[in-house]
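Working notes, structure below.
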Amino acid sequence: MQIKINDSEIMLIQGDITELDTDAIVNAANKDLILGAGVAGAIRRKGGTQIQIECDLIGGTFVGGAVITTGGKLKARHVIHAVGPRMGEGDEDNKLKNATLNSLKLADEKGLKSIAFPAISTGVFGFPLYRCAEIMLATTCAYLQKTKGLKKVVFCLFDKAAFAVFEKELKKSGPQKP
Ligand code: AR6
């Protein structure tokens, strides 16, 4: 499913984010930038040790923040490491919004045209999927109304159920592309 916003588009797909060849894929990171399980584990396995080495040099960032490394051996040239909230730590909605927004801004600052997000915080960090879809899609829609840089934002959902939640939410957001 796709929707168009000015010159840009939001696209939903189901699959493994580490297979995508967007300019950047987003890692669901922790603030210490240690690549653990879930999306991060898949990135570590497929992208090689270089990505963790670059993360170690950066050292860490705040919850809601985003930093960028190369994509190592991945098809994507860059990985944006976005730190989502862990459920229960407080102010989770704002932190997820900031993690999304800071990733989009960083991609634009680096002149990237396409980026792919996973459903940040909805795995190990325990954030509810429907709320994630609401926040990440609303933040992205609002951002794309203003930017002239980023052309394509993909949400890559791991399973059918997650895809269905994002699809339902995106249908509320705007006209679908033919
Ligand atoms: N492609 C797309 N989505 C995926 C993939 C994949 N290859 N693998 C999992 N998902 P998670 P978090 C989905 O746990 O909750 C790690 O240890 C998954 O089904 O990756 O933000 C990090 O190092 C879920 O819907 O991220 C951090 O410490 C979503 O991606 C911590 O977990 C996010 O799940 C971050 O936890």
Side-chain angles (χ1 to χ4, degrees), residues 1 10-69 71-76 78-104 106 114-137 139-140 152-170:
M1 180 191 172
I10 297 178
M11 183 188 287
L12 303 185
I13 62 166
Q14 191 195 323
D16 178 353
I17 199 167
T18 60
E19 289 299 318
L20 301 186
D21 62 356
T22 40
D23 291 341
I25 62 167
V26 176
N27 176 28
N30 54 50
K31 64 180 171 42
D32 299 318
L33 304 178
I34 308 288
L35 299 165
V39 175
I43 287 175
R44 177 169 35 78
R45 285 190 297 277
K46 223 172 269 181
T49 50
Q50 176 63 22
I51 300 173
Q52 183 63 68
I53 291 169
E54 289 179 46
C55 282
D56 292 345
L57 287 172
I58 297 166
T61 187
F62 59 96
V63 181
V67 301
I68 190 164
T69 65
K73 295 181 195 156
L74 295 170
K75 291 177 193 161
H78 304 274
V79 176
I80 291 179
H81 304 264
V83 185
R86 187 186 287 274
M87 204 54 198
E89 69 181 23
D91 201 22
E92 294 93 351
D93 290 7
N94 267 321
K95 288 172 177 170
L96 183 59
K97 179 180 173 182
N98 289 338
T100 308
L101 197 55
N102 284 324
S103 299
L104 294 166
L106 189 53
S114 59
I115 182 174
F117 282 99
I120 295 174
S121 286
T122 63
V124 173
F125 281 176
F127 193 83
L129 201 53
Y130 76 93
R131 242 162 89 191
C132 171
E134 209 172 84
I135 292 166
M136 291 192 76
L137 289 172
T139 305
T140 302
K152 185 170 165 184
V153 180
V154 177
F155 286 86
C156 179
L157 293 321
F158 209 31
D159 56 33
K160 229 175 170 175
F163 183 89
V165 171
F166 269 71
E167 187 179 42
K168 191 172 170 200
E169 192 57 39
L170 190 60

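First listed ligand is number 1; within each ligand, the first listed atom is number 1.
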**Message:** Under a 4.0 angstrom heavy-atom cut-off, which atoms of ligand 1 come close to Ala28?
**Reply:** 21 (O), 22 (C), 26 (O), 27 (C), 35 (C)

**Message:** Which of the numbered atoms in ligand 1 are under 4.0 angstrom from any heavy atom belonging to Ala119?
**Reply:** 29 (C), 33 (C)

**Message:** Please list, in number order, the atoms of ligand 1 under 4.0 Å from a heavy atom of Asp16.
**Reply:** 1 (N), 6 (C), 7 (N)

**Message:** Show me which atoms of ligand 1 lie under 4.0 Å from any heavy atom of Gly38.
**Reply:** 8 (N), 20 (O)

**Message:** Does any N or O of ligand 1 fall below 3.5 Å from an N or O anywhere on Leu35, backbone included?
**Reply:** no

**Message:** Donor-acceptor check, side chain of Gln52 to backbone of Leu35, threshold 3.5 angstrom: yes or no?
**Reply:** yes

**Request:** For ligand 1, indicate whether the residue Ile34 contacts it via side chain, backbone, both or neither (heavy-atom separation under 4.0 Å).
**Result:** backbone

**Message:** Within the 4.0 Å heavy-atom shell around Ala40, which atoms of ligand 1 are there?
**Reply:** 22 (C), 23 (O)

**Prompt:** So is there a nitrogen or oxygen of Ala42 less than 3.5 Å from a nitrogen or oxygen in ligand 1?
**Reply:** no

**Complete:** ligand 1 to Gly15, heavy atom cutoff 4.0 Å, flagged ligand atoms 1 (N), 2 (C)

**Message:** For Lys152, is the NZ atom crowded, meaning more than 12 foreign heavy atoms sit under 6.0 Å from it?
**Reply:** no

**Request:** Give the atoms of ligand 1, by number and element, whose distance to some non-hydrogen atom of Gly36 is under 4.0 Å.
**Result:** 17 (O), 23 (O)

